[in-house]
Amino acid sequence: MVYNNSENLVLEDGSNIAVIGGGPAGSFFSYFALEFSERFGLEINVDIIEAKDFNCIGPSGCNHCGGIVSESLIQALSAEGIVLPSNVIHRGIESYTLHLEQGTTVIETPVHEQRIASMFRGSGPRGSTGDDELSFDNYLLDLCREKGANIISGRVIEAENNNDGVILKTKEGTEKKYDLVVGAVGLNLKALQLFKNLSPSFKPPQTTKTHICEFHLGEKIIDEYFGDSMHVFLLDLPNIKFGALIPKGQYVTMVLLGSDINKQIVSAFLNAKPVRDCFPAHMDIESIMPCQCYPTINVQGAKSAFGDRMILIGDSASSKLFKNGIGAAYITAKAAAKTAIFEGVSENDFRKHYQPACSDLDRDNMVGKFIFTVTTIIQKSPLLKKGLLSMVIKEQTKANHKRLMSSMLWDTFTGSAPYTDILKRTLNPMFSINFFGHTLKRIFNGSNNK
Amino acid sequence: MKNKKLGRLYNDGEIVIKQGEQGDCLYVIQDGKVEIIDESGEKEIRLAELGETEFFGEMGLFEKDVRSCTVRALGDAKIMTIDKRNFYKTIQKDPTLAYRLLEKMSNRLRDTNKKLRNQ
Ligand SMILES: Cc1cc2nc3c(=O)[nH]c(=O)nc-3n(C[C@H](O)[C@H](O)[C@H](O)COP(=O)(O)OP(=O)(O)OC[C@H]3O[C@@H](n4cnc5c(N)ncnc54)[C@H](O)[C@@H]3O)c2cc1C
């Protein structure tokens, strides 16, 4: 480690970096740090320390998530030369099916090509055979290994500032000093506390409870009932901001996001008619649920997620509200890697060059919160939902019709566009005129029907 | 086994981009191969063959001119488009995304120089 002035610490040949956590954020950081250092002519060592074994089937090898890789991330990775292999992709998603109590409609991909992948973070739910299918997190770790990272299986239990580095100790009994420690520990409270000890000004992200479960339906039934479509629900149910059924190989993953999702809320969702109607009639769906969990999700970014020689990335820092968390992990991880390699690893370097990436996400999430508040109002109003449905159906059936509502919903569901862009589009007067026009038509039709 | 690769499927011989037509997106091969063909003379000349992870159509991102070559699927191929606006928006925030593009364009220039020297 070289001090190039009183407060700036820079990496030099032979510097050691520890990345705690081998989820998407940890892998993206390691991949890009090694890529940039190679281009820059700098020789660094990267150790990725990961507590889980993603080869394990079931919860112990899984980083609990819906498993959608967004359109924007797929495109960015393709431009980086990273093309997801066939055995990581469990299905290519080409449409979204929107379910309301008032009816159902399909929103097709605007470009008629599959740009969204569904995958498993681990090696599949409890009881799955794994076959030749690969975990997404393992695939990313393999890319890092190929770039030269050392993957160490272990759990970091202690981190301590030392004059010219940070000493990490693992549960397995190893101890090593690093020039930079990267926290990619997700929302693991104990691990986040390690970073609070290193930098007391760090405030961990705020979270809420969500729900994920898997249904083992087999490929044939999934093809017939779900196809290559992700099914999303805007139902008038308490606490749920977003519910989805995501088809994958032999399984369908159910994801419920909102606030403090619990058993009663899950049960209400499962018994809602639009949800039941997605499955074969009379199927006892609760008997084909090998895995379920209530993981937390980042709903408000961390504060001061960096210090001298330490930085937090991915869910441990800032994410995208309810959507595309892996895409947000890519953004923060890459911003951190650029700063560490090209600028330096002091608190000031991270504040100047890394913090803006987190602030962008945090600002956009404020707009996202507003969008979800409006969505909740729509969710509770049968009339507005009829207007929305009627507008989408018209847009989807008429060729060359401007797809104002469809593209807004597409981007909200896929998480590909920033919430700010989505809001800007809804401010287009044509959007409101159309939406209220369709809603008024429903009022008129409704009173005629009476 | 079902090909689960992303992108759009082009069958063997199907044209992905046609020389002389307007175009403004970049293509990344997700699976399979394509051939790059020059159709400006009487006989078509095969300029190159590209495979998985490689891209083409990059000139359309930077120039307003028409496509300079035809690209055809060589066997079945899955290809993903990256639209110009998205690409520019992303590069605006993260210029490092262009590294690979620049590297490949530089490689292609080197290959062309080599070919010219050997003529
Ligand atoms: C219900 C739900 C559904 C979601 N669906 C999607 C989706 O469809 N698409 C999407 O893009 N995002 C989704 N997300 C968000 C996504 O899961 C996260 O944003 C993403 O996983 C963040 O990646 P990460 O690497 O920061 O953290 P994680 O994926 O949580 O990885 C952290 C890693 O650190 C390891 N670790 C923790 N502590 C230690 C320690 N002390 N020592 C060693 N290792 C340690 C853990 O084992 C883990 O592997 C969803 C989230 C939830 C809750």
Side-chain angles (χ1 to χ4, degrees), chain A residues 32 35-36 38-40 69 71-94 109-119 131-134 219 223 228 248-249 327 330-335 337-338 341-342 356-357 360-361 416-418 421, chain B residues 1-11 14 16 23-34 50-58 60-62 73 76-107:
Chain A
F32 290 111
E35 160 97 15
F36 296 150
E38 197 185 319
R39 288 190 191 277
F40 204 46
V69 191
E71 204 171 1
S72 55
L73 180 58
I74 291 280
Q75 291 201 33
L77 292 180
S78 288
E80 308 270 14
I82 302 173
V83 165
L84 294 188
S86 199
N87 57 353
V88 170
I89 302 168
H90 289 250
R91 220 169 248 267
I93 301 292
E94 55 190 25
T109 151
V111 286
H112 302 289
E113 66 178 39
Q114 291 184 336
R115 284 180 175 177
I116 297 172
S118 73
M119 47 76 184
D131 292 337
D132 62 340
E133 279 155 355
L134 200 69
E219 210 158 339
D223 279 342
D228 291 332
K248 298 175 185 174
Y330 161 83
I331 290 171
T332 54
K334 208 174 166 194
K338 270 191 283 185
I341 302 301
F342 298 128
D360 272 359
L361 285 166
S416 279
D421 283 8
Chain B
M1 208 177 96
K2 200 169 158 184
N3 184 343
K4 289 184 271 181
K5 283 289 184 93
L6 299 178
R8 189 185 139 189
L9 176 69
Y10 289 85
N11 294 315
E14 201 177 331
V16 186
D24 63 357
C25 52
L26 177 74
Y27 296 80
V28 184
I29 306 170
Q30 305 286 309
D31 196 32
K33 285 181 186 160
V34 299
L50 302 177
E52 204 180 295
T53 79
E54 293 198 272
F55 59 77
F56 55 90
E58 69 279 9
L61 291 180
F62 303 110
D76 288 353
K78 281 252 184 139
I79 295 164
M80 184 179 301
T81 50
I82 298 181
D83 20 282
K84 188 174 181 161
R85 279 195 172 190
N86 271 356
F87 192 70
Y88 272 98
K89 269 190 180 175
T90 319
I91 278 199
Q92 177 65 21
K93 282 194 183 153
D94 174 16
T96 66
L97 199 69
Y99 282 171
R100 192 167 162 266
L101 201 69
L102 292 173
E103 185 181 58
K104 287 280 170 189
M105 286 170 86
S106 147
N107 290 160

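Within every chain, numbering begins at 1; the chains are lettered A, B, ... in the order of the sequence lines, protein sequences first and strands thereafter.
- Side-chain rings of A:Phe342 and A:Phe36 approach one another, their centers coming within less than 6.0 Å.
- Interface residue A:Ile116: only backbone heavy atoms are found under 4.5 Å from chain B.
- In terms of non-hydrogen atom pairs under 4.5 Å with chain A, the most contact-rich of B:Lys89, B:Met80, B:Glu54, B:Arg8 is B:Met80.
- Neither the backbone nor the side chain of A:Phe32 comes within contact range of chain B, judged by heavy atoms closer than 4.5 Å.
- Checked by atom type, the side-chain pair B:Thr96/A:Lys334 shows a donor-acceptor distance below 3.5 Å.
- Each of A:Arg39, A:His90, A:Glu71 has some count of heavy-atom pairs under 4.5 Å with chain B, and the biggest count is that of A:Arg39.
- Atom NZ of B:Lys84 is surrounded by more than 12 heavy atoms from other residues, nucleotides or ligands within 6.0 Å.
- Of all the listed residues (B:Thr53, B:Leu26, B:Thr81, B:Leu101), the one sharing the greatest number of non-hydrogen pairs under 4.5 Å with chain A is B:Thr81.
- Shown here are the side-chain hydrogen bond (donor to acceptor under 3.5 Å, both in side chains) partners of B:Asp83, two or more places apart in sequence or in another chain: A:Arg115, B:Asn86.
- For the set B:Asp94, B:Thr90, B:Ile29, the entry with the most heavy-atom pairs within less than 4.5 Å of chain A is B:Asp94.
- Every residue meeting the side-chain hydrogen bond (donor to acceptor under 3.5 Å, both in side chains) condition with A:Lys248, not counting sequence neighbours, appears here in chain and number order: A:Thr253.
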